[in-house]
Amino acid sequence: MKIISTIDELRDQLRGQLRTAFVPTMGNLHEGHLSLMRLARRHGDPVVASIFVNRLQFGPNEDFDKYPRTFQADVEKLEKEGVYVLFAPTEKDLYPEPQEYRVLPPNDLGNILEGEFRPSMFPGVCTVVTKLFSCVQPRVAVFGKKDYQQLMIIRNMARQLAMPTEIIGAETFRAGDGLALSSRNGYLSTEERAEAPFLYQTLNHVAEQTRAGLSSTPADLLALEQDAMDRLAARGWKPDYVSIRKRMNLQPPTRDEYLAGEQLVVLTAAKLGNTRLIDNLEI
Ligand code: PAF
């Protein structure tokens, strides 16, 4: 595997490649990331990964400084997956001058759910992903469904800006007890790690109740969301949201849409101790 840090070297290395499959990451790679590399391999060749902890997508009081950086271990994992190039720029390599041109998602998608609680997140993600795409020029790029809203925003961005890159969504990789794998799981204490699968259990509960409402008494979706927030709070979680949304645009369904069988997804973000976890489940 070639490890490349500058944009010029990367362009030289990838010149003429028409089927590149790209997996952007922020490192601290786990099985979830490796499953993205395997999916990428099925959709293109060569596979290119990037590791870059993107300051632009972190708010001033978020975990940019303590975000886990495990470069050597990451390199070994990517080598085993047969990744051809790892692009690992420094901040100076990727942002040699202040990044004043930004790519902003539309308000109705960018300012809801995660965007409401982390306003820097999606402008930062759209900007860095656009820049990484411009460097790598991939034919396909793979993103996990764990970051459901991120995946939708990037997919819409690529379509609206006519980027020549197909966006592929990968299923969330879960531990045996249901917890979605995430680099931030490493912040959890032993007791918190034991409690953490309750988030996914809560999503399953909401999904079951939502589905049950289609065959018997229609569920009150807002009441279901509130009930889920209460269940989490009762066990010491601090939920930001539990929200049932339409898969097509992440807006809340009307009652008629729900009863007509609109495709839904339930999304959540909640803090356990100091660690903020997100997860979602297609209903
Ligand atoms: O999902 C992530 O790891 C990041 O948001 C991404 C897409 C690599 C952009 O920094």
Side-chain angles (χ1 to χ4, degrees), residues 4-5 7 10 20-37 39-40 47-59 62-71 73-74 77-78 81 83 85-91 93-95 99 102-105 109-110 113-115 117-136 138 140-158 161 163 165-173 180-187 267 269 275-280:
I4 293 180
S5 59
I7 295 174
L10 182 74
T20 300
F22 178 44
V23 187
T25 80
M26 297 204 298
N28 191 235
L29 303 181
H30 49 65
E31 270 304 313
H33 293 110
L34 302 185
S35 72
L36 304 185
M37 306 297 157
L39 187 59
V47 175
V48 174
S50 66
I51 294 181
F52 181 69
V53 185
N54 175 40
R55 188 187 291 274
L56 295 186
Q57 71 192 70
F58 288 79
E62 293 179 1
D63 55 343
F64 175 78
D65 287 329
K66 76 164 187 174
Y67 198 84
R69 288 156 172 91
T70 51
F71 190 71
D74 293 347
K77 289 176 186 164
L78 293 176
E81 293 301 327
V83 168
V85 166
L86 167 61
F87 181 44
T90 63
E91 287 198 287
D93 291 320
L94 200 63
Y95 301 130
Q99 185 66 38
R102 303 280 177 113
V103 182
L104 303 181
L109 193 52
L113 302 167
E114 281 304 280
F117 291 90
R118 302 188 60 202
S120 312
M121 166 87 181
F122 295 123
V125 166
C126 288
T127 303
V128 80
V129 168
T130 301
K131 192 153 189 178
L132 289 168
F133 280 7
S134 160
C135 301
V136 175
V140 303
V142 181
F143 295 83
K145 279 193 186 178
K146 153 97 177 6
D147 293 290
Y148 203 88
Q149 190 177 3
Q150 167 174 281
L151 170 62
M152 178 170 286
I153 286 176
I154 291 171
R155 188 171 268 149
N156 291 358
M157 174 182 82
L161 296 180
M163 293 174 170
T165 303
E166 181 191 344
I167 306 301
I168 295 175
E171 291 306 322
T172 301
F173 202 98
L181 295 202
S182 160
S183 299
R184 292 189 168 98
N185 293 351
Y187 300 151
L267 307 102
T275 306
R276 187 170 181 280
L277 299 178
I278 65 169
D279 202 353
N280 65 77

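Counting starts at 1 for both ligands and their atoms, in listed order. From a predicted model like this one, the values you see are computed outputs, not experimental measurements.
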Tell me yes or no: between the side chains of N54 and Y95, is some donor less than 3.5 Å from an acceptor?
-> yes

Quick one: which ligand 1 atoms are inside 4.0 Å of a heavy atom on V128?
-> 9 (C), 10 (O)

Protein contact of atom 3 (O) of ligand 1 - nearest heavy atom, named by residue and atom, plus distance = M26 CG, 3.7 Å

To the nearest 0.5 Å, how far apart are NE2 in H33 and CE in M37?
-> 7.0 Å

Cation over ring face, K66 and Y187, 6.0 Å, 45° = yes

Option set Q150, M121, Q57, criterion heavy-atom distance to atom 10 (O) of ligand 1, minimum = Q57

Under-4.0 Å heavy-atom contact with ligand 1, by part of I154 that carries it = neither

Atom indices of ligand 1, in the order listed, that fall short of 4.0 Å to a heavy atom of V125 | 5 (O)

Under the 3.5 angstrom rule, does the side chain of D74 hit a backbone N or O of N28 as a donor-acceptor pair?
-> yes

Backbone N or O of L267 within a donor-acceptor pair of the D279 side chain at under 3.5 Å?
-> no

